[in-house]
Number of protein chains: 2
Amino acid sequence: MCQVIGYARLMRSPSSSEARGSSLPSEGPPTGPWLEPEQLVAWKRLVAVIELIPGVLDAQLRRDSGLTHFEYFVLAMLSEAPEWTLRMTGLAQQTNASLTRLSHVVRRLEDRGLVTRFPCPEDGRATNARLTDDGHQVLVAAAPGHVSTVREHVIDALTPEQVSELSEIAAALLRRLDPAGRLAVAVE
Amino acid sequence: MCQVIGYARLMRSPSSSEARGSSLPSEGPPTGPWLEPEQLVAWKRLVAVIELIPGVLDAQLRRDSGLTHFEYFVLAMLSEAPEWTLRMTGLAQQTNASLTRLSHVVRRLEDRGLVTRFPCPEDGRATNARLTDDGHQVLVAAAPGHVSTVREHVIDALTPEQVSELSEIAAALLRRLDPAGRLAVAVE
DNA sequence: AGTGATTACTTGATGTGTCAAGTAATCGGT
DNA sequence: ACCGATTACTTGACACATCAAGTAATCACT
């Protein structure tokens with residue numbers, strides 16, 4: 001009933017009664033089933049950041065513009081495309097979303113008149129999504145507040161060196177998380 | 001109808017027709033309503049990472065252990081506490097969650113027999129959550145696979161230097177995102 | 001001891017994401 | 001020209017998160 005196993009211990013317990021992974025001992029960083037204390041701290045902090053950032057972004061955008069961050073991002077990607085138009089599949093890739101999720105979101109945006117959908121002339125299977133003028137206005141109105149939030153909560157919290165370190169770190173993570181490299185944010 | 005304004009342009013447009021924020025020109029990093037190109041790339045990559053990591057974690061844990069990452073984290077925090085017991089409020093702080101969210105999750109975990117709830121003896125308003133033996137077994141069984149996922153998708157994608165840079169960056173972000181410093185991950 | 005404010009939590013309604021399944025058009029052979 | 005496989009997307013059911021509101025105990029005063 002007393003304190004036996006904790007998260008930290010689970011993550012770096014030396015009692016590897018289960019030697020899984022049969023890890024090659026030759027890789028660059030130390031590889032094994034458990035995490036080093038420093039790795040564990042980094043991971044826990046990253047988890048906390050990942051848990052908190054969406055809430056901050058969504059709260060501000062919802063309050064000031066009635067948009068989720070994902071909706072904002074969808075509108076923004078469309079506004080960048082020629083003719084304000086993209087195929088659903090392309091839009092899904094640029095927003096790191098499943099086609100299912102995008103389909104639901106675009107339908108809701110269409111209901112609100114911010115986007116229109118129409119069949120793609122070149123491929124009968126495909127659907128195009130286009131930003132409407134209303135959608136563009138909403139986006140332009142939302143942008144300054146959103147950018148301020150990003151600056152205040154993220155960019156301005158870091159030194160310029162940290163910003164470029166973060167950029168490289170995120171690029172490295174994306175290469176693992178999305179091996180197909182289908183992402184909008186080219187990891188050049 | 002042609003390409004007028006895009007996400008990148010929205011985020012760093014030089015036409016600051018709206019000079020908001022009346023930014024002090026003296027702060028360390030350049031401060032203004034728009035983002036520099038390098039900042040923009042870093043931000044977009046971070047957004048992609050934040051969008052993708054939860055899916056990776058949830059998919060593996062769900063598949064192998066029938067748990068969400070958040071549920072795993074809740075069980076892990078309890079397993080670290082004395083008597084495997086924490087007040088709901090304390091548990092919410094350690095998991096960066098709202099009390100509402102935690103209440104729903106703990107109820108579901110209780111329905112599955114992984115956690116029990118009982119009134120706190122010292123404070124009639126408070127509720128204690130305690131890990132059950134079943135919950136502990138589920139947690140211990142889930143841990144190795146989860147840690148492997150974290151290693152493979154995150155830690156091993158980075159050099160040791162990047163891991164420590166990430167740790168510092170996340171700490172800096174948490175100081176902004178959680179000024180009250182209520183988090184489990186002490187940003188010492 | 002009584003009253004208002006605060007704390008700690010729960011509950012129900014609503015919205016969004018995910019999964020599984022379905023539809024429809026196109027491609028790749030033969 | 002046909003037919004199976006793939007691609008592109010939609011839909012409906014379900015799970016989870018959030019918000020607003022409610023309950024109940026405790027605290028701070030007077």
Side-chain angles (χ1 to χ4, degrees), chain A residues 50-63 66-74 85-112 114-130 180 182, chain B residues 50-63 66-74 85-112 114-130 180 182:
Chain A
I50 287 175
E51 203 78 45
L52 292 176
I53 283 191
V56 170
L57 299 179
D58 282 339
Q60 182 271 322
L61 277 170
R62 270 214 116 105
R63 177 167 43 79
L67 293 171
T68 30
H69 177 246
F70 183 72
E71 288 170 339
Y72 176 93
F73 206 86
V74 167
T85 301
L86 282 174
R87 289 196 194 178
M88 292 294 284
T89 300
L91 188 52
Q93 286 170 4
Q94 294 207 3
T95 55
N96 315 316
S98 67
L99 201 46
T100 300
R101 179 185 183 188
L102 185 68
S103 183
H104 285 304
V105 169
V106 169
R107 177 176 43 72
R108 290 189 282 257
L109 290 173
E110 193 173 30
D111 292 344
R112 291 199 263 160
L114 306 183
V115 158
T116 46
R117 275 186 295 186
F118 59 96
C120 177
E122 291 104 25
D123 187 337
R125 298 167 298 179
T127 304
N128 279 326
R130 173 154 48 199
R182 309 170 296 98
Chain B
I50 286 174
E51 203 77 46
L52 291 175
I53 283 190
V56 170
L57 299 179
D58 282 339
Q60 181 271 324
L61 277 170
R62 269 216 116 108
R63 178 166 43 78
L67 293 171
T68 348
H69 178 246
F70 183 72
E71 289 171 338
Y72 176 93
F73 206 86
V74 166
T85 301
L86 282 172
R87 288 195 194 179
M88 291 295 284
T89 299
L91 188 53
Q93 286 172 3
Q94 294 208 2
T95 55
N96 314 319
S98 67
L99 201 47
T100 300
R101 180 184 182 188
L102 185 68
S103 182
H104 286 303
V105 169
V106 169
R107 176 176 44 71
R108 290 190 284 259
L109 290 173
E110 192 173 30
D111 292 344
R112 292 199 264 160
L114 306 183
V115 157
T116 46
R117 275 187 295 186
F118 58 97
C120 177
E122 290 105 26
D123 187 337
R125 297 167 299 178
T127 304
N128 279 326
R130 172 153 50 198
R182 309 171 296 101

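Side chains included, hydrogens not; waters and symmetry mates left out as well; all remaining heavy atoms used. Since the model is a prediction, treat every value here as computed from it, not as a measurement. Quick note on labels: first sequence line is chain A, next is B, and so on, each numbered from 1.
- OP1 or OP2 of C:dT10 sits under 4.0 Å from a side-chain N or O of B:Arg117.
- The closest side-chain heavy-atom distance from A:Leu86 to A:Arg130 is not below 4.5 Å.
- Between the A:Ser103 side chain and the A:Leu99 main chain, no donor and acceptor come within less than 3.5 Å of each other.
- Remark: P of C:dT18 and CG of B:Leu52 are 11 Å apart, rounded to the nearest angstrom.
- Between the CG atom of B:Leu99 and the C1' atom of C:dT6 there is a distance of 14 Å, rounded to whole Å.
- Between the P atom of D:dT18 and the CG atom of A:Leu57 lies a distance of 13 Å, rounded to the nearest Å.
- Of the residues near DNA chain D, A:Gly90 and B:Ser98, the one whose nearest nucleotide (by heavy atom distance) lies more toward the 5' end is A:Gly90.
- Across the protein-nucleic acid pair, A:Leu67 atom CG and C:dG15 atom P stand 16 Å apart, rounded to whole Å.
- Rounded to an integer number of Å, the gap from CZ of A:Arg107 to C1' of C:dG17 is 12 Å.
- Counting non-hydrogen atoms under 4.0 angstrom, A:Ser103 reaches a base of the nucleic acid.
- With contacts defined as side-chain heavy-atom distances shorter than 4.5 Å, the pair B:Phe118/B:Thr85 qualifies.
- Checked for salt-bridge contact, A:Glu71 and A:Arg62 miss the test: no charged N lies under 4.0 Å from a carboxylate O.
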Between the protein and nucleotides 13-17 of chain D, list the N/O to N/O atom pairs that are separated by less than 3.5 angstrom.
unit_1, atom_1, unit_2, atom_2, d
D:dC16, OP1, B:Arg62, NH2, 3.3
D:dA17, OP1, B:Arg101, NE, 3.1
D:dA17, OP1, B:Arg101, NH2, 2.9
D:dA17, OP2, B:Arg108, NH2, 3.2

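- In this structure, A:Leu102 atom CG and D:dT11 atom P are separated by 13 Å, rounded to whole Å.
- A straight line from CG of B:Asn128 to C1' of C:dT7 spans 15 Å, rounded to a whole angstrom.
- With respect to B:Arg101 and A:Glu51, a salt bridge is recorded, a charged nitrogen being found less than 4.0 Å from a carboxylate O.
- Looking at residues two or more places apart in sequence or on another chain, you find a side chain to side chain contact (heavy atoms under 4.5 Å, CB included) between B:Arg108 and B:His104, B:Val105.
- Two residues are said to be in side-chain contact when any heavy atoms from C-beta on lie closer than 4.5 Å; A:His69 and A:Pro54 fail this criterion.
- Once rounded to the nearest 0.5 Å, the distance linking CD1 of A:Ile50 with CD1 of B:Ile53 reads 3.5 Å.
- Here the P atom of nucleotide C:dT16 and the OH atom of A:Tyr72 are 19 Å apart, to the nearest Å.
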Look for any protein N or O under 3.5 Å of an N or O in nucleotides 20-26 of chain D and output each such pair with its distance, or none.
unit_1, atom_1, unit_2, atom_2, d
D:dT26, OP1, B:Gly124, N, 2.9
D:dT26, O4', B:Arg125, NE, 3.4

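- Counting heavy atoms from C-beta on, the side chains of B:Leu61 and B:Thr68 never come closer than 4.5 Å.
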